Amino acid sequence: MWLNFRIILHIMGLLLLCNGGFMVVAALVSGFYKDGATLDITMAAVVTMLVGVMAMFYTRGHRKEVKRKEGYIIVTFGWLIMSISGVLPYIFSGAIPNVTNAFFETISGYTTTGASILNDIESLPEGILLWRSLTHWIGGMGIIVLAIAILPLLGIGGMQLFAAEAPGPGGDKLHPRITDTAKRLWYIYVGYTVAETILLKLAGMSFFDAVNHALATLSTGGFSTKNASVAFWNDQPLIQYIIIVFMFLAGTNFVLSYFAFTGKVQRVLKDEEFRVYGFFIFGFTLVSGFIVWLQADVPVSDYHPQIFGAAESGFRHALFQVIAIVTTTGFVTADFTNWTPFLTVFFFGLMFLGGSAGSTSGGIKVMRHLLIIKNGILEFKRTLHTNAIIPVRYNNKTVSEHIVYNIIGFFVLYMLLFIIGALVLGFLGLDFESAIGGSASSLGNVGPALGDLNPVVNFSELPAFGKWWCGFLMLLGRLELFTVLIIMTPYFWKKI
């Protein structure tokens, strides 16, 4: 058989088993808070794990080999299977009884987009709120990478899976074995989550809120337990500064975090993408902060007013929103679409930036922008010196033409899909601002958008087809376009 469907189904079962395990965690929390949803979440967990066990049992004795084609199928359908099973806690508990809305909320969680259809988040049971945040956290580093750390127990090599799932145009290996790489990434991911939880609790959040916001921050997701998102704590700047720091870390290549923890700080500081990423955030914050301070109406903190005045508040809100949009986290402390027309367009542009390659953020990624700009500048030299070989260099290393062409192709395809996405939303009746904002936000996994989909409202008023369409764009963006689109091509299914 040219495709090993048994191993594909076996890994689908493994993913369902993992997903059900996380549902058990949510059920235990639900039982602790006695929120009335314990039995419903437990039923969802049992159904999910039962299907997973059946799939694994049926495919026992499979050929333990994952080739590249199987890798793409497993990643794409794995994400869909996780999202489909992830709707069960919402449906069984009645928190989101509509299937379309439940699927939108779920795939928005797993793709770490953070767009929501919920109008009263605070009325949900604690177990459902935690499940909502866990979908972020599972999707953040990638449930596939988690599975790679488990696959050796089954005697399966996972290099092909990591190649298809690992975020960014390329991944540095921390260890020769891909399994050890996945484990180290998860250690860092879990460590950051625990650290942020502790700091948020010490800063004044309840433990439950701290856990949920840490899960959403490190995954660059943006689901909050409050209707007002992080604006709920506008009178507690320390909480917002802690979230700012961890959003910055989550938008940084996790490999650099590993280098920093192992004492290789110089490798972090010399990394071109990290320097440009930091420069972008610093520069964009200065621009937006200055305009907010002079023109926009933002709430002034009453926390130590003699120290934290209008200037601090303006720059804090600007810094928070810049990092939240650049890293595609999607938390909000204010409705930036009401600041000034210039800043509305400004933040719309930031939706196309994205964080670092190898981070949990969405978007195009800083590395791609950097290499496109470098290649564009070198075209001037190539025009003058037609016979010269002038390669693009990154971190003092020559970048192959294949990678440059791949990145240019990605950028063109990304913009084309953005235009098509906006056209579909416009066809469904959305105005121009809402259509382009919804398309950019969904494809970039940002969360808040523009117009009728702005940070204060949400995606609840979208037509049913619009929600499924935005969910498709979210999946495309989270899996870096090619992973999903390649399985839609006829030649992918041809036997070679």
Side-chain angles (χ1 to χ4, degrees), residues 76 79-121 123-124 128 132 135-136 139 221-224 227 229 328 330 332 335-338 344 347-348 351-352 362 414-479 481 484-485 488:
T76 301
W79 230 271
L80 286 174
I81 288 293
M82 296 292 284
S83 298
I84 291 169
S85 64
V87 307
L88 296 181
Y90 296 126
I91 298 293
F92 286 2
S93 67
I96 310 178
N98 181 281
V99 173
T100 296
N101 287 341
F103 183 78
F104 180 92
E105 197 77 12
T106 308
I107 199 166
S108 177
Y110 282 113
T111 58
T112 72
T113 302
S116 180
I117 50 83
L118 294 170
N119 293 311
D120 188 7
I121 297 167
S123 67
L124 294 178
I128 294 297
R132 189 167 170 261
T135 59
H136 267 347
F223 280 159
S224 176
N227 293 329
S229 188
T328 70
V332 291
D335 182 5
F336 58 81
T337 62
N338 276 337
T344 299
F347 281 108
F348 172 70
M351 291 181 184
F352 294 90
Y414 191 97
M415 298 309 296
L416 181 62
L417 287 168
F418 157 66
I419 294 170
I420 293 172
L423 285 172
V424 171
L425 293 178
F427 179 77
L428 295 174
L430 274 68
D431 60 73
F432 175 75
E433 192 175 356
S434 303
I436 63 171
S439 180
S441 175
S442 299
L443 190 60
N445 306 131
V446 177
L450 308 178
D452 295 334
L453 308 176
N454 69 65
V456 175
V457 196
N458 58 26
F459 285 63
S460 61
E461 296 304 314
L462 266 181
F465 181 77
K467 291 170 184 173
W468 289 100
W469 177 249
C470 285
F472 174 65
L473 293 178
M474 292 174 196
L475 185 67
L476 282 176
R478 177 63 183 91
L479 298 183
L481 308 187
V484 179
L485 294 178
M488 298 181 181

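Computed from a predicted model, the values in this text were never measured in an experiment.
- Checking side-chain atoms of T112 against main-chain N and O of G221 turns up no donor-acceptor pair under 3.5 Å.
- The line from CG of D452 to CG of L425 is 11.5 Å long, rounded to the nearest 0.5 Å.
- Looking at I117 and N98, their side chains never come closer than 4.5 Å, going by heavy atoms from C-beta outward.
- Considering all non-hydrogen atoms of both residues, I436 and E433 come closest at CG1-O, 3.5 Å.
- When side chains are defined from C-beta on, I121 does not count as touching F223, because their heavy atoms never get closer than 4.5 Å.
- Between the S229 side chain and the V332 main chain, a donor and an acceptor come within less than 3.5 Å of each other.
- For R132 against S116, the heavy-atom pair with the smallest separation is NH2-OG, 3.4 Å.
- Atoms CG and CG, from L462 and L430 in turn, are 5.5 Å apart once rounded to the nearest 0.5 Å.
- By the 4.5 Å heavy-atom criterion applied to side chains, L124 and I96 are not counted as neighbours.
- With rounding to the nearest 0.5 angstrom, the OG1 atom of T76 is 12.0 Å from the CD1 atom of I81.
- The closest donor-acceptor contact from the side chain of T111 to the backbone of L475 lies at 3.5 Å or more, if one exists at all.
- The closest donor-acceptor contact from the side chain of S93 to the backbone of A95 lies under 3.5 Å.
- Listed for the S83 side chain is a donor-acceptor partner under 3.5 Å among the backbone atoms of W79.
- For the pair S434 (side chain) and G451 (backbone), a donor-acceptor distance under 3.5 Å is absent.
- In this pair, Y414 and F352 present their aromatic rings perpendicular. The plane angle is above 60°, beyond the 30 to 60° band.
- Proximity of I419 to S439: side-chain heavy atoms (C-beta onward) are nowhere separated by under 4.5 Å.
- In terms of heavy atoms, L473 sits closest to G421 at CD1-CA, 4.1 Å.
- Minimum heavy-atom separation, F104 to C470: CE1-CB, 3.9 Å.
- Side-chain atoms of V87 and I107, non-hydrogen and from C-beta on, never get closer than 4.5 Å to each other.
- In this structure, S442 and F459 have side chains that are in contact, with non-hydrogen atoms separated by less than 4.5 Å.
- Within the 3.5 Å criterion, the main-chain N or O of G114 finds a donor-acceptor partner in the side chain of S108.
- Expressed to the nearest 0.5 Å, how far NZ of K467 lies from CD of E105 amounts to 10.0 Å.
- Taking both residues in full, the closest heavy atoms of S441 and M351 are given as N-SD, 4.2 Å, listed atom of the first, atom of the second, then distance.
- Between F336 and L450, some side-chain heavy-atom pair lies under the 4.5 Å cut-off.
- For an aromatic pair to be called close, the ring centres must be under 6.0 Å apart, and W469 with F472 satisfies this.
- A heavy-atom distance below 4.5 Å is not found between the side chains of Y90 and F103.
- Of all heavy-atom pairs between N119 and S460, the closest is OD1-OG, 3.5 Å.
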